[in-house]
Protein chains: 2
Amino acid sequence: MAASESSRKHHRYSEVAAVAAKTAALDAVFQALADPTRRRILADLARGESSTLTLAMPHRMSLPAVSKHLGVLERAGLIERRLIGRERRCRLVAKPFRSASAWLEFYRRFWDDQFDRLTDFIQTTDKEAS
Amino acid sequence: MAASESSRKHHRYSEVAAVAAKTAALDAVFQALADPTRRRILADLARGESSTLTLAMPHRMSLPAVSKHLGVLERAGLIERRLIGRERRCRLVAKPFRSASAWLEFYRRFWDDQFDRLTDFIQTTDKEAS
DNA sequence: GAATTAGTAAACCAACTGGTTTACCATATC
DNA sequence: GATATGGTAAACCAGTTGGTTTACTAATTC
């Protein structure tokens, strides 16, 4: 096998691996965002760094439950944590938000312009109603 | 109870209900997006309307499995379906994409400017490395 | 009208999720 | 150094998810 061929193959493999990695990352991010408790935690962290206990306060569930949610957010890369004394301080990490946003952005054309089927429907309905 | 008070109370209740509805809708949308098979289906639908069988072709799984994925997407409001003969034609619906994008948009400030902690970290690391 | 096509429905399964409680470990305070 | 604080770990549980197969229906084609 020629070196160029091998390298091409390797390149292709890397691409597949990279896409797979991105795909898995998106899985984790969207999965993490699909829970209201976790979205609330992120909203609270948007106001500044915070500890497990502080983040747990608004939620009517046990501390271990919130701790697990933080684990999910961390595994999705949406937060970072560091120990400060016996406290575990959390903060937002921007990158996965950016990735998710970029993915959604692709579908923007469906509501930016004439491709928006819902708008078509509403306009039709309005005409019929008036 | 005064009418204004009652109406205010009702208004407050409506707000809570509305937020709850939006929250549940976001749950469903992010949950639906958290699967690579479903994201691929959406990508295919972005190129135009398509039927269950056609959408199933790229996937190495049974037809009922794909049919279920379409059910998830429909329940999340991301697609609409209509019968054409014995075919079930699917198409994208823009609104939920818009909602999800709007939600993520709130976190944009974390990568638009100095709030991006990851950038800070990378810059620090680069300085240390050089 | 018989056979093929385009699906959905239902039953089943293993793995994962989101919660619980109980037990534990560091760190901080008295 | 005993006690209180801020958590995590582990075991457990019910419900959901993502897949399967088998069975069925309705529309189309021969």
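Just so it is clear: chains get the letters A, B, ... in the order the sequence lines come, proteins before strands, and each one is counted from 1.
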For nucleotides 24-27 of chain D, tabulate all protein N/O to nucleotide N/O atom pairs closer than 3.5 Å, reporting atom names and distance.
unit_1 : atom_1 : unit_2 : atom_2 : d
D/dA27 : N3     : B/R86  : NH1    : 3.2

Using a cut-off of strictly less than 4.0 Å between a heavy atom of the residue and any atom of DNA chain C, enumerate the qualifying residues of residues 69-77 of chain B by number. none

With the side chain of A/S51 defined as its heavy atoms from C-beta on, choose the nearest nucleotide among D/dG7, C/dT8, D/dG19. D/dG7

Does B/R39 reach the main-chain N or O of A/T23 with its side chain, forming a donor-acceptor pair under 3.5 Å? yes

Does a side-chain N or O of A/R88 approach OP1 or OP2 of D/dT8 to a distance below 4.0 Å, or not? yes

Pull out every protein N or O sitting under 3.5 Å from an N or O of nucleotides 15-17 of chain D, one pair per line with the distance.
none

Close residues, residues 53-64 of chain A, relative to DNA chain D [heavy-atom separation under 4.0 Å]: A/L53, A/L63, A/P64

Note: A/D44-A/R40 ion pair, threshold 4.0 Å (strictly below): yes

Check whether any side-chain N or O of A/R81 sits under 4.0 Å from OP1 or OP2 of D/dT8, and answer yes or no. yes

If you measure from the Lys or Arg side-chain nitrogens to the Asp or Glu carboxylate oxygens, is any gap between A/E49 and A/R82 under 4.0 Å? yes

With heavy-atom distances below 4.5 Å as the criterion, would you say the side chains of A/L45 and A/L73 are in contact? no

If a pair satisfies ring pair (Phe, Tyr, Trp, His ring centres under 6.0 Å) and one of its residues is in residues 59-98 of chain B, list it, with sequence neighbours excluded. A/Y107-B/F97

Name the orientation class of the two ring planes belonging to A/W103 and A/F30 (parallel below 30°, tilted from 30 to 60°, perpendicular beyond 60°). perpendicular

Sidechain-backbone polar pair: A/R109 side chain, B/A46 backbone, donor-acceptor under 3.5 Å: yes

Give me the distances for all protein-to-nucleotides 11-14 of chain D N/O pairs that come in under 3.5 Å?
none

